[in-house]
Amino acid sequence: MRIATWNVNSIRQRLDHAVAWLKETDPEVVCLQEIKCQTEAFPREPFESLGYNVSVHGQKGFNGVALLSKLPLEDVTHGLAGDDGDEQARFIEAVVSVKGGVVRVACLYLPNGNPPDTEKYPYKLSFMARLKAFAQDRLKLEEPLVLAGDFNVIPAPADAADPAAWAGDALFLPRTRQAFRELIHLGLTDAVRAASDASRLYTFWDYQAGAWQRDNGIRIDHLLLSPQAADRLIAVGIDKHVRAWEKPSDHVPVWTDLAIAA
DNA sequence: ATGACTCAGGAACTGAGA
């Protein structure tokens, strides 16, 4: 089973790319972030034509996440527990049934948190604390679980072409990385790092200042696996070539193959 | 070089992104 994540930076702007990429990579489950539209405005039909079930948690203008799955999406939940006042559409969770059990997938768009001296940074840290509580709870189920999405976290210096440039940034501050490690230390596996020792594995290149041409990237889109998923890890991929397409998202898709028969 | 692009919203710009 192939599970993918991609921050598309507007699904309506990226519809042709999304369809072309799905035909290439053919994942069973896809987590999309930054769809930037309301739920009703999501272009479902092109994905349904490709055989996907679609569940959307949108909002006007910003944020927004969606799940695509060739298997039916069950027990779908919108929003991350722990703050009833959080209006931002950044989280969607579902289960798919497979032979002999289920696979649980959480699709998340973690807050950016910049500038760090504003209320945006505490919101990010609070979201990360809520995510930790969520993971702690779901890990008790001992299921194959994948937390996939745009975490807006550079886990380590090796995950940035120019780490010094990110020193004071909400994506790389010590407290941000500490919160990410707390998540990992619950027993989750960073799929990309577990499956590859290659250098320069980035998932985002800024639109500005020729970042793509200079390979000035960062790795902020992640797939975190529960032990039951990590035990079945076969491969990972970063579909970097998509960043060179005309009018691309600033993020590229990341996927993992798990030895789980659909 | 607190800028360089690219989105949405809404009709000239601002806010957000990372």
Side-chain angles (χ1 to χ4, degrees), chain A residues 5-18 21 31-43 56-66 86-91 107-128 131 148-180 192 200-222 238 240 242-254:
Chain A
T5 180
W6 190 13
N7 178 324
V8 291
N9 187 16
S10 169
I11 192 61
R12 289 176 292 184
Q13 290 295 323
R14 225 64 62 202
L15 188 53
D16 292 348
H17 284 202
W21 168 73
C31 301
L32 299 175
Q33 303 89 37
E34 275 208 275
I35 61 170
K36 288 187 172 176
C37 65
Q38 290 176 298
T39 300
E40 315 78 65
F42 188 95
V56 181
H57 180 34
Q59 78 175 83
K60 191 172 184 176
F62 308 103
N63 305 323
V65 288
D86 186 355
E87 305 280 333
Q88 301 192 31
R90 295 179 174 276
F91 190 89
C107 167
L108 61 114
Y109 175 43
L110 214 144
N112 174 306
N114 281 307
D117 60 350
T118 66
E119 73 291 343
K120 289 172 185 289
Y121 193 57
Y123 174 59
K124 176 176 193 148
L125 292 178
S126 137
F127 193 96
M128 294 184 83
L131 186 60
D150 176 359
F151 283 69
N152 271 314
V153 175
I154 302 167
D159 298 309
D162 181 10
W166 296 92
D169 194 282
L171 279 64
F172 194 56
L173 280 171
R175 287 204 53 193
T176 304
R177 293 160 58 192
Q178 178 192 335
F180 186 79
V192 166
R200 309 194 77 87
L201 294 175
Y202 308 132
T203 65
F204 169 91
W205 295 260
D206 201 283
Y207 287 123
Q208 303 183 67
W212 167 246
Q213 289 75 10
R214 297 162 191 240
D215 195 26
N216 183 15
I218 51 177
R219 190 174 72 95
I220 56 175
D221 299 272
H222 307 299
I238 300 176
K240 185 176 177 178
V242 169
R243 186 64 177 78
W245 290 355
E246 194 178 347
K247 293 190 70 82
S249 170
D250 38 8
H251 298 249
V252 296
V254 186

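Only a predicted model underlies this, so the values are computations on that prediction, with no experimental measurement involved. Per chain, numbering begins at 1; letters A, B, ... match sequence-line order.
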Does A:Gln208 make a side-chain N or O approach to OP1 or OP2 of B:dG17 shorter than 4.0 Å? no
OP1 or OP2 of B:dC7 sitting under 4.0 Å from any side-chain N/O of A:Arg14? yes
Nucleotide B:dA18, atom P - distance to CZ of A:Arg243 in whole Å: 13 Å
So, OP1 or OP2 of B:dC7: does either fall under 4.0 Å of a side-chain N or O from A:Asn9? no
Taking atom P in both B:dG15 and B:dA11, compute the distance separating them and give it to the nearest angstrom. 15 Å
Sugar-phosphate, base or nothing in reach of A:Lys124, heavy atoms under 4.0 Å: nothing
In whole angstroms, the gap separating P of B:dA18 from OH of A:Tyr123 amounts to 13 Å
Counting just side-chain N and O atoms, does A:Arg90 come under 4.0 Å of either OP1 or OP2 of B:dG17? yes
Can you measure from CG (A:Asn9) to CZ (A:Phe204) and round to the nearest 0.5 angstrom? 9.0 Å
Measure from the side-chain N and O atoms of A:Arg175 to the backbone N and O of A:Ala170, and report whether any donor-acceptor pair falls under 3.5 Å. no
How long is the line joining CG of A:Asn216 and P of B:dC5, in whole Å? 14 Å
What distance do A:Leu171 atom CG and A:Phe151 atom CZ have between them, rounded to the nearest 0.5 Å? 13.0 Å
How far does the C1' atom of B:dA12 sit from the matching atom of B:dT2, given to the nearest Å? 23 Å
May I ask you to evaluate whether A:Tyr202 reaches the phosphate of B:dA18, defined as a side-chain N or O under 4.0 Å from OP1 or OP2? no
Sub-4.5 Å side-chain heavy-atom contact between A:Tyr202 and A:Val252: no
Classify the ring geometry between A:Phe180 and A:His222 as parallel (under 30°), tilted (30 to 60°) or perpendicular (over 60°). tilted
Go through B:dC7, B:dA4, B:dA18 for me and flag the one nearest to the A:Ala209 side chain. B:dA4
Check this one for me: any side-chain N or O of A:Arg12 less than 4.0 Å away from OP1 or OP2 of B:dG9? yes
Expressed as a whole number of angstroms, how long is the span from A:Gln13:CD to B:dG9:C1'? 13 Å
At 4.0 Å (heavy atoms only), tell me whether A:Asn7 reaches a base, stays on the sugar-phosphate, or touches nothing. sugar-phosphate
Whole-Å distance between B:dT2 C1' and A:Asn114 CG? 12 Å
Judged by nearest nucleotide, the residue sitting upstream toward the 5' end of DNA chain B, A:Asp169 or A:Gly61, is A:Gly61
A:Phe62 CZ to B:dG10 P, in whole Å, measures 10 Å
Look at the side-chain N and O atoms of A:Lys36 and state whether any lies under 4.0 Å from the OP1 or OP2 oxygen of B:dG17. no
For a quick check of understanding: with a heavy-atom distance under 4.0 Å over all strands, which category does A:Phe151 fall into, base, sugar-phosphate or nothing? nothing
Using a 4.5 Å cut-off on heavy atoms from C-beta on, say whether the side chain of A:Thr176 contacts that of A:Tyr121. yes
Taking the P atom of each, how far is B:dA4 from B:dT14, in whole Å? 12 Å
In whole Å, what is the span from the OH atom of A:Tyr109 to the P atom of B:dC7? 14 Å
Which whole number of Å gives the distance between the C1' atom of B:dA1 and that of B:dC13? 23 Å
Determine the contact category for A:Asp221: base if any of its heavy atoms lies under 4.0 Å from a base atom, sugar-phosphate if only primed atoms, P, OP1 or OP2 are that close, otherwise nothing. nothing
Would you mind classifying the nucleic acid contact of A:Asn112 as base, sugar-phosphate or nothing, using non-hydrogen atoms under 4.0 angstrom? base
Once you round it to whole Å, what is the distance between P of B:dA18 and OH of A:Tyr121? 15 Å
OP1 or OP2 of B:dA8 versus the side-chain N and O atoms of A:Ser10: is any pair under 4.0 Å? yes
Does A:His251 have a side-chain nitrogen or oxygen under 4.0 Å from the phosphate oxygens OP1 or OP2 of B:dG17? no
Contacts of A:Asp206 and A:Cys37 projected onto DNA chain B by closest heavy atom; the upstream (5') one is A:Cys37
Under 4.0 Å between a side-chain N or O of A:Lys247 and OP1 or OP2 of B:dC7? yes
Enter the distance from A:Asn63:CG to A:Lys36:NZ here, rounded to the nearest 0.5 Å. 9.0 Å
